[in-house]
> 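The structure that follows is given in the form of structure tokens.
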Amino acid sequence: MAEPKPVIDCNINSDFLFCKTKELIDWKRHFKSKKCNFAAKLNEQMDILSVIGSKIEIAINTLFGANEKVSLQPTRKEFEGDYTFVFFSLVKSLKKSPIEIGNTIGTYLLENNKEFESYNVVQGFLNLKLKNEVWVEVLNDLLKEKTGEDLGNKKGSVMVEYSSPNTNKPLHLGHLRNNFLGFSVSKIMEAAGYQVTKACLVNDRGIHICKSMVAYQNFGANETPESAGLKGDHLVGKYYVEFDKAYKNQINSLVENGSTEEDAKKKAPIMVEAQEMLLKWEQNDPETIELWKKLNGWVYDGFAKTYKQIGVEFDKTYYESDTYLLGKTLVEEGLKNGVFYQKEDKSVWIDLTEEGLDHKLVLRGDGTSVYITQDLGTTDLKFDDFKSDKSIWVVGNEQDYHFQVLFAIMKKLGRAYAHGCYHLSYGMVDLPSGKMKSREGTVVDADELVSDMIATAKAMSAEKGKIEDLESEESKRLFRMLALGALKYYLLKVEPKKRMLFNPEESIDFQGNTGPFIQYTHARIKSILRKGEISDDKIFDLVGDYFLNPEEKELVFLLKDYTSIIQAAAAEYSPAQLANYTYELAKTFNVFYAQHSVMNEENEDSKYLRLGLIKKVAETIKHAMGLLGIDVPERM
RNA sequence: GGUUCCAUAGCUCAGCUGGAUAGAGCAACAGAUUUCUAAUCUGUGGGUCGCAGGUUCGAAUCCUGCUGGGAUCACCA
């Protein structure tokens, strides 16, 4: 094994990976007026990628007098090198052959910098290999940093609204995608340096809850969650279904007696009753309010259990019953300043044709609100309450148009916050049997799904013979952790905006690109670390002159990307990017694990470096999974 | 019909602002356990990147058109 002499001294940070002060100043001056990828970053924290990029920019400028915007990509496996600079654009402007340009730059880089080990040129690709000690130092720096916590806290504040359930039925699979997305995006934004408020807007009023109320009043016989042995939300959901049954029966008999179907739908007594109840509710009828509070109370108890079980939470809960009348003042404001216009029937509209949208009603002729009216008011309220710089709505893509309209109106009303509004739109969750339809009873209930998955996790653990006492509290925690890990990862690994297929069998899979695979990887590492804890000081002392093998280097390579992955995931509101990264990291560790031993390694330097390395891998996995809302076990 | 999103291996999905021979997992087949957890690892087969043009040194990626699918186009929420 090669044993390179230590060329790194203790001032490495200020001298080696970072640019020398004088050099730095020259670069800044040099690139100030020009657009250069990396030079622009000099004020910020420098990572190895930026350093290399800047050095190439310098080289090109010195050699050819050209200002090139350099971007780098990891060198493909089939070529030698760490990073590749693609310079086809230079071939044209410099009118020289690719080989000549590549060699000129490569030679210059090697002669004038100490980071580079070698280079090779293939067509317009300059493959650069960095010296081993660069990677050791990258690792050393990583070990000194706290995982995922060096991003600063200076990006402002953001509100993430998600979940937003209706109080007439329990949560289903579609809600789970919403909840997991919302929670994860909140965590990611937080990690990226935002101050986050997690908000939930409960849809607790309206015709849907009145339907449940009417059905309960008619058929409920004073049933309670206790007497029925049902979670509150399921009990109320049951009466929502009862309503629908009775409604359909009434329609059928009306049609049999000669009504048209359209007429029957309007005149069915139970529907009339529901509408009357809504009216009573709006008039604050005490009896109605009492019933409403009772049923909603049950539902909230049920939701609370579900939220606790799936591990999501909120900092602020808004209730539509409090906010549904808001927005009318905005309508007045809009009329006053000419953003809105009024028709003869007194209804109020906005013309959004310039924005590529349509005319939109914002207030009915009788002065009552529509959906968008409420949302105008609620949006103002949210920004007023929290003074957030940004606001994210996690809502399904069936409301894409609604949010386009909402944001366009806010802009027209001159709300400064309008540019900070973002609709995180996600696709539907399909089942192998097709679309989920609540009316056809093909919805997958959230509570049921979670408990099924916990049971499966238990069964699989039993089958593997991994767990001794299946009934212990610790085991139960583990099964829940695995079940939720599988479910959350399955729903989050797909890019939010894409429609996705939920295959029950695949979702509880523990192999391949799954949550439990990553959880298992973490448990494996912790198992080693239990045998070989080592103080940080010792690791830092020893890594200096160690020669990394390819598997170790690959891990370092991935680990150093972690913070930028968080930034990217935050910028695109995409937990999927983080999920993919974490999978890649876990997989890479397992390759390392299959080929190298940590505790049985005879070379002490190697052993301690590996202990440090895998500790960092475990921390990164844990942190990243945490951002997905997934816990990882110490053993499994 | 207008608007909008999507289309990549048998299946489920990656593929960042255009870069080298398009990648994973599952499924199939063949291997690996005296060694820190085999819920792991290694290998094999599998592709008209929906179709057709365009932009250029270079396109799964950008533009246009077409086909297929989803969503939406309520004085519902």
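Each chain gets a letter, A, B and so on, in the order the sequences are listed, and its residues count up from 1.
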> Using a 4.0 Å heavy-atom cut-off, does S461(A) contact any base of the nucleic acid, only the sugar-phosphate backbone, or nothing at all?
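Counting heavy atoms under 4.0 Å across all strands, the contact made by S461(A) includes a base.
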
> Provide, to the nearest angstrom, the distance between the CD atom belonging to Q374(A) and the C1' atom belonging to rC76(B).
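So the two atoms are 11 Å apart, to the nearest Å.
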
> Report which part of the nucleic acid M636(A) touches: base, sugar-phosphate, or nothing (heavy-atom distance under 4.0 Å, all strands).
base

> Checking contacts here: which listed nucleotide (rU42(B), rC75(B), rG19(B)) is nearest the side-chain heavy atoms of V370(A)?
rC75(B)

> By the 4.0 Å heavy-atom rule, please label V591(A) as base, sugar-phosphate, or nothing.
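Answer is sugar-phosphate: V591(A) comes under 4.0 Å of backbone atoms only.
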
> Stacking check: are the rings of F88(A) and rG19(B) less than 5.5 Å apart at their centres and under 30 degrees in tilt?
yes

> With no hydrogens and no angle check, just 3.5 Å: does a side-chain donor-acceptor pair link T75(A) and E80(A)?
no

> rA77(B), rU40(B), rG19(B): which one has an atom nearest the side-chain heavy atoms of Y371(A)?
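Closest nucleotide among those given: rA77(B).
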
> Select one nucleotide: of rA77(B), rC57(B), rU72(B), the one nearest the side-chain heavy atoms of K92(A).
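Of the options given, the side chain of K92(A) lies nearest rC57(B).
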
> Which nucleotide in the list rC41(B), rG15(B), rA22(B) gets nearest to the side chain of R76(A)?
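Within the option list, the nearest is rA22(B).
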
> Using OP1 and OP2 only, check whether a side-chain N or O of R635(A) sits under 4.0 Å from rA39(B).
no

> By the 4.0 Å heavy-atom rule, please label E320(A) as base, sugar-phosphate, or nothing.
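Since only primed, P, OP1 and OP2 atoms lie under 4.0 Å of E320(A), the category is sugar-phosphate.
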
> Does the rA20(B) base have a donor-acceptor partner in the side chain of N127(A) within less than 3.5 Å?
yes

> CG of D358(A) versus P of rC75(B): gap in Å, rounded?
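So the two atoms are 11 Å apart, to the nearest Å.
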
> T167(A) and N296(A): side-chain donor and acceptor closer than 3.5 Å?
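Distance-only check passes for T167(A) and N296(A).
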
> If you find the nucleotide of RNA chain B closest to S597(A) and the one closest to N397(A), which residue's nucleotide is nearer the 5' end?
S597(A)

> Can you figure out which of rA24(B), rC36(B), rC76(B) approaches the side chain of Y583(A) most closely?
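The answer is rA24(B), which lies nearest to the side chain.
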
> Taking only the side-chain heavy atoms of R364(A) (C-beta and beyond), determine which of rC41(B), rC26(B), rA77(B) contains the nearest atom.
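It is rA77(B).
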
> Counting the benzene-type ring for Trp, do W292(A) and Y319(A) have ring centres under 6.0 Å apart?
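Between W292(A) and Y319(A), the centre distance exceeds or equals 6.0 Å.
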
> Between Y581(A) and rC16(B), is there a side-chain N or O to OP1/OP2 distance below 4.0 Å?
no

> Distance criterion of 3.5 Å, no angle test: do you see the side chain of T514(A) paired donor-to-acceptor with the base of rA39(B)?
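Not at all, since no donor on one side and acceptor on the other fall under 3.5 Å apart.
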
> Here's a test of your reading of the structure: between Y401(A) and L482(A), which maps to the more 5' nucleotide of RNA chain B?
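Its nucleotide being nearer the 5' end, the pick is L482(A).
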
> Nearest to the side chain of N203(A), heavy atoms from C-beta on, is which of rC41(B), rA77(B), rC36(B)?
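Ranking rC41(B), rA77(B), rC36(B) by closest atom to the N203(A) side chain puts rA77(B) first.
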
> For Y520(A) and rU37(B), give me the distance from atom OH to atom P, rounded to whole Å.
8 Å

> Between F517(A) and Y583(A), is the ring centre distance below 6.0 Å?
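So the answer is yes for these two rings.
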
> Quick check with a 6.0 Å cut-off and a 45 degree axis cone: is R205(A) positioned over the face of Y324(A)'s six-membered ring?
yes

> Quick check on rA39(B): is either OP1 or OP2 less than 4.0 Å from any side-chain nitrogen or oxygen of K466(A)?
yes

> Quick check, does F79(A) stack with rA20(B)? I mean ring centres under 5.5 Å and planes off by under 30°.
yes

> Under 3.5 Å, is there a donor-acceptor pair between the Y562(A) and E619(A) side chains?
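No, because no side-chain N or O of Y562(A) sits under 3.5 Å from a partner of the opposite role on E619(A).
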
> NA contact type, V86(A), heavy-atom cut-off 4.0 Å: base, sugar-phosphate, or nothing?
base

> Is there a Watson-Crick or G-U wobble partner for rC13(B) with both distances under 3.5 Å, and if so, which one is it?
rG23(B)

> For rA71(B), which nucleotide in any strand shown is its Watson-Crick or wobble partner with both distances under 3.5 Å?
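In the structure as shown, rA71(B) has rU3(B) as its Watson-Crick or wobble partner.
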
> What's the closest nucleotide to the N513(A) side chain, out of rA14(B), rG19(B), rG25(B)?
rG25(B)

> Which whole number of Å gives the distance between the P atom of rA27(B) and that of rC41(B)?
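Nearest-Å result for rA27(B) against rC41(B) at atom P: 13 Å.
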
> Tell me whether the side-chain N or O atoms of D345(A) pair up with the base of rC75(B) as donor and acceptor below 3.5 Å, since no angle test is needed here.
yes

> For H402(A) and rC5(B), give me the distance from atom NE2 to atom P, rounded to whole Å.
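Roughly 19 Å, once rounded to whole Å.
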
> Applying a 4.0 Å non-hydrogen cut-off, can you work out what Q511(A) is touching in the nucleic acid: base, sugar-phosphate, or nothing?
sugar-phosphate

> What nucleotide, of rA24(B), rA71(B), rA14(B), holds the atom closest to the side chain of K498(A)?
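Looking only at heavy atoms from C-beta outward on K498(A), the closest nucleotide is rA14(B).
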
> Determine the interplanar angle of the F407(A) and W393(A) rings, folded into 0 to 90°, and report it as parallel if under 30°, tilted if 30 to 60°, perpendicular if over 60°.
tilted

> CG of N590(A) versus C1' of rU40(B): gap in Å, rounded?
6 Å

> Between the base of rA20(B) and the ring of F125(A) - centre-to-centre under 5.5 Å, planes within under 30° - is that a stack?
yes

> Could you go through Y83(A) and F557(A), starting from their C-alpha distance and side-chain angles, then the distance that decides it, and tell me whether this counts as ring pair (Phe, Tyr, Trp, His ring centres under 6.0 Å)?
CA-CA 11 Å; Y83(A) 289 109; F557(A) 200 88; 5.4 Å; yes

> Pairing check on rA32(B): which nucleotide meets the Watson-Crick or G-U wobble criteria with it, both distances under 3.5 Å?
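Its partner is rU40(B).
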
> Between F589(A) and R524(A), is there a cation-pi geometry (under 6.0 Å to ring centre, at most 45° from the normal)?
no

> Does the structure show a Watson-Crick or G-U wobble partner for rA59(B), both distances under 3.5 Å? Name it, or say none.
none

> For nucleotides rA9(B) and rA60(B), find the distance between their P atoms and express it as a whole number of Å.
15 Å

> Is there a side-chain contact between K531(A) and the phosphate of rU37(B), meaning an N or O under 4.0 Å from OP1 or OP2?
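Looking at the OP1 and OP2 atoms of rU37(B), one of them is under 4.0 Å from a side-chain N or O of K531(A).
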
> Heavy atoms only, 4.0 Å cut-off, all strands: where does H522(A) land among base, sugar-phosphate and nothing?
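The answer is nothing, as H522(A) stays clear of every strand by at least 4.0 Å.
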
> rA39(B) phosphate, OP1 or OP2: any side-chain N/O from R524(A) under 4.0 angstrom?
no

> Using both distances under 3.5 Å as the test, list the Watson-Crick or G-U wobble partner of rG18(B), or none.
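The answer is none; no pair meets the criterion.
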
> Over how many whole Å does the gap from N580(A) atom CG to rG15(B) atom C1' extend?
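Those two atoms, CG and C1', are 9 Å apart.
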
> In this structure, is the centre-to-centre distance between the rings of F125(A) and F88(A) below 6.0 Å?
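So the answer is yes for these two rings.
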
> Would you say a side-chain N or O of S347(A) is under 4.0 Å from OP1 or OP2 of rC75(B)?
no

> For Q399(A) and rG70(B), give me the distance from atom CD to atom P, rounded to whole Å.
20 Å

> Using atom C1' in both nucleotides, what's the gap between rA14(B) and rA7(B) to the nearest angstrom?
15 Å

> From rU35(B), rU42(B), rU40(B), pick the nucleotide closest to the side chain of N600(A)?
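Nearest to the side chain of N600(A) among the choices is rU35(B).
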
> Once you round it to whole Å, what is the distance between P of rG70(B) and NZ of K435(A)?
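Taking atom P of rG70(B) as the reference, NZ of K435(A) is at 8 Å.
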
> Could you check whether E584(A) gets within reach of a base, just the sugar-phosphate, or nothing at all, counting any heavy atom under 4.0 Å?
nothing

> It should be established whether K497(A) places a side-chain nitrogen or oxygen under 4.0 Å from OP1 or OP2 of nucleotide rA71(B).
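For rA71(B), OP1/OP2 do not have a side-chain N/O of K497(A) under 4.0 Å.
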
> For rA22(B) versus rG50(B), give the span between their P atoms, rounded off to a whole number of Å.
15 Å

